[in-house]
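Notes for the one structure printed next.
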Amino acid sequence: MASTYGLSRYTYGLFVPAIRDDFNLSQTAVGAIGSASYLGYLLATLVSPLLVRHFNPRMPIILGGMTATLGMLLVALAGNPVWLALGVTLAGCSPGLAYPPLSDAIKQLCLAEKQSRYYAIINSGTSFGVMVSGPLALIAGPQWQLAWLCFAFIALIATLWNFFIMPGNAPNHELSNRVKPGASQEPMFTLVRRKLKDSSVRRLLLGALLFGLVTSIYWTFSVELIAGEKSLSDTGRVIFWIVVGIAGVAGGLAGELVTHFGLTKALKWATLAIAASIALLTIASDGILMLTLSAVLFGATFILITALYGIWSVSCFPEAPSTGFGLTFFLISAGQLISPTLAGLGAEIWQLTAVFQVTAILCLGILWLLPTQDVWSM
């Protein structure tokens, strides 16, 4: 998760100012390349559940690690915007391949009562990738592509590790007393069509789409906002990014929050917090306090909300966890695909500050898409 989400997918935003200067890109072009990353994720998310159903969780997880490694290597070696965009897009495919099968792996490898907790901890891996990217960016300095070489190496190690630990075609004999994955023989599209009749499933999917729309603007343009309109130094921008990563570790508590308070209450308060984090970035010119608070709130609640949507999706699709996972995060990615380009156009016409203010208001729409029946576990 640290390699595929934290590095391959979200770290692009940290390097936007340097990338824009080195390749002489406009705000619109920067947003379009960011959208290309989400397009790669979108397509990979469609493929991943099919690979799980026909093969095993290990295959798409390893493919995800391989695309992360190759994509970030291309970014590191890119000499023009075309190769840069190709690398960013390929790297963006990696979490789409690797993330949905983790639900099946958890069902095979974890006791039922611990699945929500372990899933939330795994999901928080994103924050560790974001956290690591900051110091490496500081060390690399103006030679920012050296940092991407390091990212590619980290992804390679993670891929090899997962190759040995992820379940293949048949569970090991040690798993005989544990919960086996639900094996629905119903065709995937038939299953999805049937599930869409459930209002809770519709709320899940619409909420996921809106969540993707609002959050990718922060990931893509927050550093650009504080670098330009807020005039924060290079070191200050990297520290801001590191704080986002550190705060994300708190998202590992999602499983505990769902168990003790229910998913509805946890999602409601997390949505209010992430909307506040986006709004705070627009009034951060008065000092570092607002910037820090925004980073802490966004990092913690973004990881938390993705975990909440993951838990909700598995509870809605118990017979095919990776299908529910894949569909939910497909829609999150669909929103993330659209919004960076729109935000880039908005920044050309108005200012990034105005774009972030509108985004904060839109984020509150998630409050109208909470579960109709509360969820207490995966």
Side-chain angles (χ1 to χ4, degrees), residues 1 5-6 10 99 103 115-128 130-131 200-201 203-219 222 243-282 290 292-316 324-325 328-329 331-333 335-336 339 356-357 359-378:
M1 288 298 293
Y5 264 114
Y10 291 128
Y99 190 46
S103 60
Q115 287 172 10
S116 295
R117 176 188 299 171
Y118 289 165
Y119 163 66
I121 293 171
I122 291 169
N123 189 66
S124 70
T126 301
S127 62
F128 289 96
V130 174
M131 200 188 309
S200 184
V201 172
R203 285 170 170 264
L204 162 70
L205 300 179
L206 288 172
L209 178 66
L210 182 55
F211 176 70
L213 276 168
V214 298
T215 54
S216 65
I217 293 174
Y218 196 103
W219 281 116
S222 60
V243 171
V244 171
I246 292 172
V249 176
L253 296 173
E256 308 300 325
L257 291 175
V258 169
T259 299
H260 289 90
F261 301 105
L263 189 141
T264 301
K265 185 176 290 186
L267 183 56
K268 179 179 74 173
W269 287 105
T271 298
L272 290 170
I274 205 165
S277 75
I278 297 168
L280 283 171
L281 212 57
T282 68
M290 291 297 183
T292 304
L293 184 56
S294 173
V296 169
L297 282 175
F298 184 85
T301 53
F302 178 84
I303 301 299
L304 174 62
I305 292 174
T306 57
L308 294 176
Y309 275 117
I311 292 170
W312 189 5
S313 73
V314 173
S315 74
C316 288
F325 244 59
T328 300
F329 286 87
L331 287 168
I332 290 176
S333 187
Q336 292 174 326
S339 54
F356 272 70
Q357 288 168 343
T359 302
I361 295 170
L362 288 175
C363 186
L364 295 175
I366 297 172
L367 296 175
W368 277 268
L369 297 168
L370 298 175
T372 52
Q373 293 183 326
D374 215 343
V375 176
W376 299 87
S377 71
M378 293 182 82

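Atom set for the values below is all heavy atoms of this structure, side chains included, hydrogens, waters and symmetry mates excluded.
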*Pairing residues for W219 by the side-chain hydrogen bond (donor to acceptor under 3.5 Å, both in side chains) criterion, not counting sequence neighbours*: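 So W219 forms no side-chain hydrogen bond (donor to acceptor under 3.5 Å, both in side chains) with any residue.
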Side chains of residues 299-311: which donor-acceptor partners sit under 3.5 Å, not counting sequence neighbours?
residue	atom	partner	partner atom	Å
T301	OG1	L297	O	2.4
T306	OG1	N123	ND2	2.8
T306	OG1	F302	O	3.3
T306	OG1	I303	O	2.8
Y309	OH	G207	O	3.3

*How far does CD of Q115 sit from OH of Y119, to the nearest 0.5 angstrom?*
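Reported value, rounded in 0.5 Å steps: 12.5 Å.
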_Straight-line distance of T359 OG1 to I278 CD1, nearest 0.5 Å_ =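 Reported to 0.5 Å precision, the distance equals 6.0 Å.
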*asked:* If we check side chain to side chain contact (heavy atoms under 4.5 Å, CB included) with F298, which of these qualifies: I274, L293, L281, L280?
replied: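 Answer to the side chain to side chain contact (heavy atoms under 4.5 Å, CB included) test with F298 among I274, L293, L281, L280: I274.
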*How far apart are the closest heavy atoms of C316 and L204, and which atoms are they?*
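Looking at all heavy atoms of both residues, the closest pair is SG-CD2, 4.2 Å.
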*Please report the closest heavy-atom contact between S124 and G248, naming both atoms and the distance.*
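Scanning both residues, the minimum pair turns out to be CB-O, 4.1 Å.
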*With sequence neighbours excluded, tell me which residues meet side-chain contact (heavy atoms from CB on, under 4.5 Å) with V296.*
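V296: side-chain contact (heavy atoms from CB on, under 4.5 Å) contacts with V243, A247, T292.
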*side-chain contact (heavy atoms from CB on, under 4.5 Å) with L205: which residues, sequence neighbours excluded?*
L196, V201, L327, T328, L331
_Applying side-chain hydrogen bond (donor to acceptor under 3.5 Å, both in side chains) as the test, list every pair that has at least one member in residues 206-218; sequence neighbours left out._
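side-chain hydrogen bond (donor to acceptor under 3.5 Å, both in side chains) check on residues 206-218 returns S216-S339, Y218-S294.
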Please tabulate, for side-chain N and O atoms in residues 258-270, each donor-acceptor pair with protein atoms closer than 3.5 Å (sequence neighbours left out).
residue	atom	partner	partner atom	Å
T259	OG1	G255	O	2.9
H260	ND1	E256	O	2.8
T264	OG1	D374	OD1	3.0

Cut-off 3.5 Å, no hydrogens considered: what does the side-chain donor-acceptor table look like for residues 362-371, sequence neighbours left out?
none

